[in-house]
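The next block holds one structure in the form of structure tokens; read it before the comments.
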Amino acid sequence: MRNGWGDRPVLWQLLKDKGATDWNVVIERLNERPEEARWRRTQHGRSGRMFLHYVLEYLTPPITVVQKLIEVCPYALRHTNVHGNLPLHEAANVSHDNSADVVRTIFQAYPEAALVKNIRGDAPIHTLLSWGPFANSESRARKLLSASNVDNVIVLLRSPFFKADGSQLNYAICDLNEPWEIICALWQRDDIDDCNLYLRRVTDVVLKARFVARYGHLVPYLELHALAQEENKAFGMK
């Protein structure tokens with residue numbers, strides 16, 4: 001049992017450090033006492049995180065656990081923690097290492113969550129792209145567009161969002177299958193702040209990789225030169 005967790009239900013006490021939790025035992029407990037998934041502790045006068053929020057933020061649960069939690073406590077999908085985050089915010093955060101299946105399952109169970117903003121004004125697409133100021137930006141950018149995370153970007157890009165003029169745009173018709181198309185789609189969004197989300201750094205990582213693939217290391221990399229070699233196939237623009 002973790003220190004200070006004595007007041008929490010048995011379900012919470014089953015959680016160990018990342019990689020050490022026996023998820024089969026967790027599922028058994030959820031079958032026996034599903035109401036324990038609804039428990040939450042009040043923090044700073046506000047309702048704190050529920051079980052689904054916690055495991056997504058800290059423990060990278062398997063898809064079977066996420067599906068069971070949605071089954072026994074669908075309300076959790078709409079519950080916000082003290083930061084105003086829904087489970088989709090936590091699932092999408094690139095720092096939390098949740099699988100594409102997990103992100104997709106949570107999104108499909110409550111797609112409206114893609115439009116919900118937390119107390120900082122961030123929707124899930126923002127938490128997917130954001131990281132702390134002290135992180136290695138280039139390594140995070142590479143991680144974001146790695147094979148294990150690129151599907152998460154696609155899931156949220158295909159959710160609708162509202163442009164600055166109030167119109168709704170949906171990328172579902174776009175064939176977003178590789179990093180450059182995804183980068184182009186991200187730049188089309190009015191609700192993404194480059195200064196806050198390091199989108200330019202993510203773009204630069206992709207441009208460098210594609211430039212080196214074309215020319216090797218013999219040609220000096222220049223951002224404008226690299227950008228001129230690209231075209232935005234996702235939107236039919238050159």
Side-chain angles (χ1 to χ4, degrees), residues 1-120 122-128 130-132 135 143 148-149 151-153 155-156 159:
M1 182 188 304
R2 293 178 178 226
N3 293 333
W5 281 33
D7 61 331
R8 300 192 179 198
V10 172
L11 176 66
W12 286 77
Q13 297 174 30
L14 295 174
L15 299 179
K16 310 297 181 184
D17 293 331
K18 193 171 184 178
T21 297
D22 187 335
W23 294 110
N24 290 326
V25 175
V26 169
I27 290 178
E28 289 177 5
R29 184 67 184 180
L30 285 169
N31 287 328
E32 296 171 0
R33 300 293 299 272
E35 70 277 6
E36 292 186 353
R38 297 190 287 272
W39 184 91
R40 56 188 181 273
R41 181 164 58 186
T42 301
Q43 298 173 279
H44 310 297
R46 298 187 60 194
S47 182
R49 65 173 66 92
M50 299 182 74
F51 193 82
L52 180 58
H53 295 74
Y54 187 89
V55 296
L56 290 170
E57 184 175 357
Y58 294 108
L59 300 177
T60 58
I63 185 63
T64 51
V65 171
V66 173
Q67 290 169 335
K68 174 57 68 172
L69 284 167
I70 293 173
E71 174 189 329
V72 302
C73 187
Y75 165 73
L77 293 167
R78 293 167 170 76
H79 177 75
T80 56
N81 62 14
V82 294
H83 304 293
N85 287 340
L86 293 168
L88 187 59
H89 286 89
E90 304 296 354
N93 192 313
V94 69
S95 301
H96 298 165
D97 297 320
N98 289 296
S99 71
D101 284 341
V102 165
V103 175
R104 188 179 298 108
T105 295
I106 292 175
F107 170 72
Q108 291 175 345
Y110 182 37
E112 294 85 353
L115 300 175
V116 176
K117 296 182 178 181
N118 61 19
I119 61 176
R120 293 180 53 189
D122 293 338
I125 188 69
H126 297 90
T127 61
L128 176 65
S130 184
W131 51 82
K143 179 178 180 180
S148 60
N149 283 291
D151 281 349
N152 294 345
V153 182
V155 167
L156 292 184
S159 67

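Hydrogens, waters and symmetry mates are skipped; everything else that's a heavy atom, side chains included, is used. This chain uses plain numbering: 1 for the first residue, then up along the sequence.
- In this structure, Arg120 CZ and Asn85 CG are separated by 9.0 Å, a value rounded to the nearest 0.5 Å.
- Pairing each heavy atom of Ala123 with each of Ala114, the nearest pair is CB-O, 3.7 Å.
- Taking 4.5 Å as the limit, every side-chain heavy atom of Leu77 sits out of range of all side-chain heavy atoms of Leu86.
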With side-chain contact (heavy atoms from CB on, under 4.5 Å) as the test, would you mind laying out the steps for Asn118 and His83 before giving the verdict?
CA-CA 6 Å; Asn118 61 19; His83 304 293; 5.5 Å; no
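- Two residues are said to be in side-chain contact when any heavy atoms from C-beta on lie closer than 4.5 Å; Val102 and Pro62 fail this criterion.
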Worked check of side-chain contact (heavy atoms from CB on, under 4.5 Å) between Arg49 and Arg40:
CA-CA 6 Å; Arg49 65 173 66 92; Arg40 56 188 181 273; over 6 Å; no
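- Side-chain contact between Thr105 and Gln67 is present, with at least one heavy-atom pair separated by less than 4.5 Å.
- If you take CG on Leu56 and CG on Asn93, they are separated by 10.5 Å, rounding to the nearest 0.5 Å.
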For the pair Tyr58 and Thr21, evaluate side-chain contact (heavy atoms from CB on, under 4.5 Å) and give the outcome as yes or no after the intermediate values.
CA-CA 11 Å; Tyr58 294 108; Thr21 297; over 6 Å; no
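- Contact detail for Ile119 and Val82: the closest heavy-atom pair is CD1-O, 3.8 Å.
- Atoms CZ and CD, on Phe107 and Glu112 in that order, are 9.0 Å from each other to the nearest 0.5 Å.
- Residue Ile106 comes nearest to Ala91 through the heavy atom pair CD1-CB, 3.8 Å, listed as atom of the first residue, atom of the second, then distance.
- Between Thr80 and Gly84, the shortest heavy-atom distance links the atoms CG2-O, 3.6 Å.
- Scanning all heavy atoms of the two residues, the minimum distance from His53 to Ala76 falls at CE1-O, 3.6 Å.
- A 4.5 Å side-chain heavy-atom check between Pro9 and Arg33 finds every atom pair outside the cut-off.
- Atom CG of residue Leu128 and atom NE2 of residue His89 lie 11.0 Å apart, to the nearest 0.5 angstrom.
- Interatomic distance, CG of Leu15 versus CG of Asp22, reported as 11.0 Å (0.5 Å rounding).
- Test Glu36, Glu35, Lys68 against Leu30 for side chain to side chain contact (heavy atoms under 4.5 Å, CB included) and you get one pass: Lys68.
- For Ala92 against Thr127, the heavy-atom pair with the smallest separation is CB-OG1, 4.2 Å.
- In this structure, the separation between CG on Leu59 and NZ on Lys18 is 8.0 Å, given to the nearest 0.5 Å.
- When only modelled atom types and interatomic distance are considered, Asn81 and Glu57 share no side-chain donor-acceptor pair under 3.5 Å.
- Stacking of Arg78 on the aromatic ring of Tyr110 is recorded, both the 6.0 Å distance cut-off and the 45° axial limit being met.
- Within the 4.5 Å cutoff, the side chain of Val55 has heavy atoms near those of the Leu69 side chain.
- Aromatic pair Trp12/Phe51: ring centres closer than 6.0 Å.
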Before giving the answer on side-chain contact (heavy atoms from CB on, under 4.5 Å), spell out for Arg8 and Trp39 the whole-Å C-alpha distance, their side-chain angles and the decisive distance to 0.1 Å.
CA-CA 8 Å; Arg8 300 192 179 198; Trp39 184 91; 3.3 Å; yes
